[in-house]
Amino acid sequence: MHKQTHSFPALISFFIPGLGQLIKGHILKGIFIWIFGGILTFFFWWTFIIPFILWAWNVYDAYNS
């Protein structure tokens with residue numbers, strides 16, 4: 001049952017980055033992901049690796065924090 005509390009925020013962050021952190025109560029981290037992630041993705045969309053790394057970290061963090 002303990003994993004279910006971590007799985008839902010990770011699933012939500014999979015689709016909407018930062019929302020899993022907001023659900024867990026990490027408001028500043030969620031806002032940071034929206035702002036910083038949006039800026040990095042805007043400027044580095046052509047690399048695909050930077051947005052992917054940021055997205056993967058976001059899901060990992062929502063699951064583990």
Side-chain angles (χ1 to χ4, degrees):
M1 182 136 181
H2 189 262
K3 285 191 174 192
Q4 287 179 337
T5 59
H6 294 288
S7 299
F8 182 69
L11 179 65
I12 295 298
S13 282
F14 182 84
F15 294 106
I16 303 171
L19 191 57
Q21 284 78 4
L22 290 174
I23 288 172
K24 289 183 118 178
H26 302 159
I27 309 248
L28 292 177
K29 194 184 289 185
I31 292 171
F32 175 77
I33 289 171
W34 283 344
I35 293 172
F36 191 66
I39 291 170
L40 281 179
T41 301
F42 178 77
F43 286 112
F44 294 105
W45 64 270
W46 51 273
T47 65
F48 294 107
I49 191 71
I50 292 173
F52 176 76
I53 289 171
L54 184 65
W55 171 81
W57 169 79
N58 160 61
V59 174
Y60 175 80
D61 182 66
Y63 183 80
N64 286 319
S65 64

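This one's a predicted model, so the numbers in the text were calculated from it and none came from an experiment.
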For the atom pair CZ (Phe14) and CG (Asn58), what is the distance rounded to the nearest 0.5 Å?
-> 11.0 Å
Quick one: does Lys24's side chain have a donor or acceptor within less than 3.5 Å of a partner on Ser65's backbone?
-> yes
Which pair of heavy atoms, one from Gly18 and one from Ser13, lies closest together, and at what distance?
-> N-OG, 4.1 Å
Would you find a donor on one side and an acceptor on the other, under 3.5 Å apart, between the side chain of Asp61 and the backbone of Gln21?
-> no
Do Phe48 and Ile39 share a hydrophobic cluster (ILVMFWY, side-chain heavy atoms under 4.5 Å, transitive)?
-> no
Is the gap between the ring centers of Trp57 and Tyr60 under 6.0 Å?
-> no
Would Leu22 and Trp34 count as a side-chain contact (heavy atoms from CB on, under 4.5 Å) if you check the C-alpha gap in whole Å, the side-chain angles of each, and the deciding distance to 0.1 Å?
-> CA-CA 11 Å; Leu22 290 174; Trp34 283 344; 3.1 Å; yes
First locate atom CD1 of Ile33, then atom CD1 of Ile16, and finally report the distance between them rounded to the nearest 0.5 Å.
-> 13.0 Å
Output the distance between atom CH2 (Trp55) and atom CZ (Phe15), rounded to the nearest 0.5 Å.
-> 9.0 Å
Residues in ring pair (Phe, Tyr, Trp, His ring centres under 6.0 Å) contact with Phe36, at least two apart in sequence or another chain | Phe32
Validation row: Tyr63, Pro9 side chains within 4.5 angstrom (heavy atoms) = no
Under 4.5 Å between side-chain heavy atoms, hopping through other hydrophobics if needed: is there a path connecting Leu28 to Ile35?
-> no
Of all the heavy-atom pairs spanning Gly37 and Leu54, show the shortest one and how long it is.
-> CA-CD2, 3.0 Å
Under the ring pair (Phe, Tyr, Trp, His ring centres under 6.0 Å) rule, collect the residues that match up with Phe43, sequence neighbours excluded.
-> none
